[in-house]
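So the structure is just underneath, and the comments pick up after that.
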Amino acid sequence: MIQSDLFGKLTLSAFKHNAIEMGASISMVLMVIAAVTFLTYKKLWKWLFTEWLCSLDPKKIGVMYLFVAGLMLLKGLIDAAMLRAQQVLSVGDSYGYLSEGHFQQIFTAHGTLMIFFVGMGIIFTLFNLVVPLQIGARDVAFPFLNAVSFWLFFAGFLLLNTSLMIGEFSEAGWVGYSPLTESKYNPGVGVDYWIWSIQIAGIGSLLSGVNFFVTIIRMRCPGMTFMKMPIFVWTVLATTVLILFAFPILTVTLGLLSFDRMFDTHFFTTGSGGNPMMYVNLFWAWGHPEVYILILPAFGIFSEVVPVFSQKKLFGYTSMVWAIAAITVLSFIVWLHHFFTMGASPNVNAFFGAMTMLIAIPTGVKIFNWLFTMLRGRIRLTTPMLWFLGFVGTFTIGGMSGVLLSIAPFDFQAHNSLFLVAHFHNVIIGGVVFGFFAGFTYWFPKFTGFKLNETLGVYAFWCWLIGFCLAFFPLYILGLMGATRRLSHYDAGLGWQPYFIIAAVGVVVIFAGFGFQVLQILYSIKDRKNNLDTSGDPWNGRTLEWSIASPPPLYNFAIEPNVDSIDAFYEMKQKGDLNKHPHYEDIHMPKDSPVGFLVGALMFTFGFAIIWQIIWLVLISFIATVALVIKHLCYDDTEYTITASELEKTESKRNT
Amino acid sequence: MTDIEHGSFKSYVLGFTLCILLTLVAYFIVVKNLMTGLMLNISLFILGFSQAWVQLVLFLHLGKESKSRSNLLIFLFMVLILAIIFIGSLWIMFSLNSRVMPKM
Amino acid sequence: MTTDHLKHETENYNKTVFGFWVYLMTDCLLFGTLFVTYFVLQHSTFGGPSGKEIFSLPFILTETVVLLLSSFTCGISGISVNHHDKGRVIGLYLITFLLGATFVGMELYEFTELVKEGYSWKRSAFLSSYFTLVATHGFHVSMGLIWIAVMIFQIYFKGLTWIVHKRLTCLRLFWHFLDVVWIFIFTFVYLMGAS
């Protein structure tokens, strides 16, 4: 049913919360007030607007993605700590400190924000920062679209965080199965917040998929054929293919669910012919490619880091490419393994189980290739290498638990148990998160001009690794003992509590790791004069991003590079082939624009309005968005030129 | 030069005529009850996909690019993924519906 | 126009048109998902009407021919763009617009008649999926109509510049794509449903 008052369903009761939610909301508001005060005091509003909000520079957009992902990582870790604390305390006669509903909201928020805002956030960070540099390009294919994508992502982030203060979030898990998410069982705004924050962010992701796909296909520098691209770029290309063909499925699925809720359609309802199982099928048809979207860039990062810190060429470039291609195609053919137990026939389960097992093979090929790269290399055990070694251990275990789960009879025992929870955290933390941390440390000097402090990085690594093991290996055991996921209370005498306690200790250690990372960044900024990267190439790198200054100029490359091999920059260094007498030409750069930011603001408003059924605001924000986009797309004057002489002046100043 | 060259007037007229024909044939098969069951479904299937192919080639000039046939390649890949999702979902849902849904 | 400028414009043109084609491929997945949902739910009429009872084939045939004709007029406008014939391009787009608007109008009529009889999207899963699939296509066509209107203004005021040419090519791809999707709706929803 749709309301039509001035404020729709929004009343003062939306602001009423329990003590913990109040505390969290107030902290968030205080943080925002602190930021606003700081900006006002330092008179930085104009800087914020012109340098960041209007920027079309992927290097800036990448940093903004990182900022959002970092905040959400903190929130997600706090959620995790709260969940673990509850599960330690809530045994037998005690029911812990969280109500069931609140507990459910927390694990829903935890999953949703970790996947959509931390996971997707960190991969878009690296796409924006690294891809143009690695292919010798000055920008992405569609700079304006890139900004729109980010601001849509930001709108989704804002919506999710608004749910903490105004109204509530979904309690139906990050997957939001029907019929629980239908209006009959969840008439409140929680599920709507969930739907629209990920729907809007998802559109941003889809547009980024288009953008980076075209960028890699069309904007590689002369000489860089497909088989000469860095492997990281290959993984990004594969990831964009996954995004292109998976995200529309999510858009439709969430759309149909929202139609069920708003317009009384019957796609996934339990009456009038609806089919809740279809929701599960469609959700995972997106959901499985999604997890490969998260992991492939991490594989790509390791393919960059391992050769550089083994001081040896990557082993098996061609087989790596084929492995990536195989993983891409296979990831579309396995999705049923997320619902083996829903009741399909043994033939169906067997087929998808077999396909799932197959995917382990190209993954294994990649791991062997990295290890063979290290063999007989001259290893430098820097933090990125440590993260890689941590990954090899943990991800392999997680992958093996995945192969176990791919066996349907075993899955019938382990489905939705803590064994499953341990498996996916194992591969996501061991793979995606460790991979990102390796990439973050590796590429940090390129964008800031100074390295991160090694010692603090090592401490962070060990805390994360040990913390992860403590937090999740007990869960494997608990799962095999029969503990299901999402339990807010369990009986005494099961012998589960000790394991939950160890897991809780693990979260504390992970927090320490996160703390070391924050400390590392702050300390490195303070100490930067001692860690300067003056050459642009602090690691003796192999790929093109290391051939330019740190941080790079706005236009990345003053002269478009010309390559003729894999590891182009390394080869150039070997041949002594570095541009001694550059010949400059005019270059075209996109003009910055506030429209991306405005679209994000309008879509946030749209999302908020549609959640609270404030119809007039829905219409206005939607029409305004369409009008604004049309107006911008009619605009022809979107570029400006940096002349050859200006370029020469800037470059010579830089070199003196 | 641009990748996608425009078709000639003749190709559009040919495309349009073929599409009208294919549409009318399919329409009359159904309206006049000329076939039923599996034969009907197969005929409609063939007629529909043929018309789609005519439009893809004669209106959208698919595969007629001057260099690197990226348009064609990504189209084919899309068709592959769509087929997987389609056939997979139908197989799965059919299996689920027959085994899980109550007999009404 | 210098050769460097021309090269830059051509690259821009090719890049944008390719990017738009890639977006259309994602839209195929979007429609594909709606189609598969329709196929799964098409027999879930829950006591309500099935396709046979509500589809009026002559009406749909008319819609189909109208849309096909609009795809034709839109297609040949590309030839006139190449010949820099501003007037003819505008004329053909006006015809395309009118045909497209007729299509949308007919579809809206079909929907309102169904709702009046009590056969709205709320009645059954079949009707939900039917309305959503067809209306999503109709929504795309409506967006296309807005685009055509905007382009007519651009052609009139700016002439057939490279940028306008680029946008018209994307529009043509979009419009043709919508007719291809319609073939599948016509065949697999209407014809199969009515037989």
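Numbered from 1 within each chain, the chains take letters A, B, ... in sequence-line order. Values reported hereafter were calculated over all heavy atoms of this structure, with side chains retained and with hydrogens, waters and symmetry mates removed. The model shown is predicted, which means the values in this text are computed figures rather than measured ones.
Using a 4.5 Å cut-off between heavy atoms, B:I85 contacts chain A through both its backbone and its side chain. For chain A, no part of B:L82 is nearby; none of its heavy atoms comes within less than 4.5 Å.
The heavy-atom pair separating A:N275 from B:M93 by the smallest distance is ND2-CE, 3.4 Å. Minimum heavy-atom separation, B:R99 to A:G343: NE-O, 2.7 Å. Closest of all the heavy-atom pairs between B:S95 and A:S345 is OG-N, 2.8 Å. Across all their heavy atoms, A:R218 and B:S70 have their closest contact at NH2-OG, 3.7 Å.
Taken from CD1 in B:I81 to CD1 in A:I333, the straight-line distance is 7.5 Å, to the nearest 0.5 Å.
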When the side chains of residues 276-291 of chain A are checked against the rest of the protein, which donor-acceptor pairs come out under 3.5 Å, sequence neighbours left out?
| residue | atom | partner | partner atom | Å |
| --- | --- | --- | --- | --- |
| A:Y279 | OH | A:V175 | O | 2.8 |
| A:Y279 | OH | A:G176 | O | 3.0 |
| A:N281 | OD1 | A:W335 | NE1 | 2.8 |
| A:N281 | ND2 | B:S89 | OG | 3.0 |
| A:W284 | NE1 | A:Y177 | OH | 2.8 |
| A:H288 | ND1 | A:H337 | NE2 | 3.2 |
| A:H288 | ND1 | A:H338 | NE2 | 3.0 |

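Of all residues spanning residues 24-42 of chain B, none has a heavy atom less than 4.5 Å away from chain A's heavy atoms.
Counting only residues at least two apart or on different chains, the side chain to side chain donor-acceptor pair (under 3.5 Å) pairs with a member in residues 247-260 of chain A are A:D260-A:T265. Each ring-ring contact (aromatic ring centres under 6.0 Å, His included) pair with one or both residues in residues 75-100 of chain B, not counting sequence neighbours, appears once here: A:F245-B:F77, A:F351-B:W91, B:F86-C:F39.
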Start with the C-alpha gap between A:F213 and B:I74, add the side-chain angles, then the distance that decides, and say whether side-chain contact (heavy atoms from CB on, under 4.5 Å) holds.
CA-CA 11 Å; A:F213 180 78; B:I74 195 180; 3.6 Å; yes
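The closest side-chain heavy-atom distance from A:M342 to B:L96 is below 4.5 Å.
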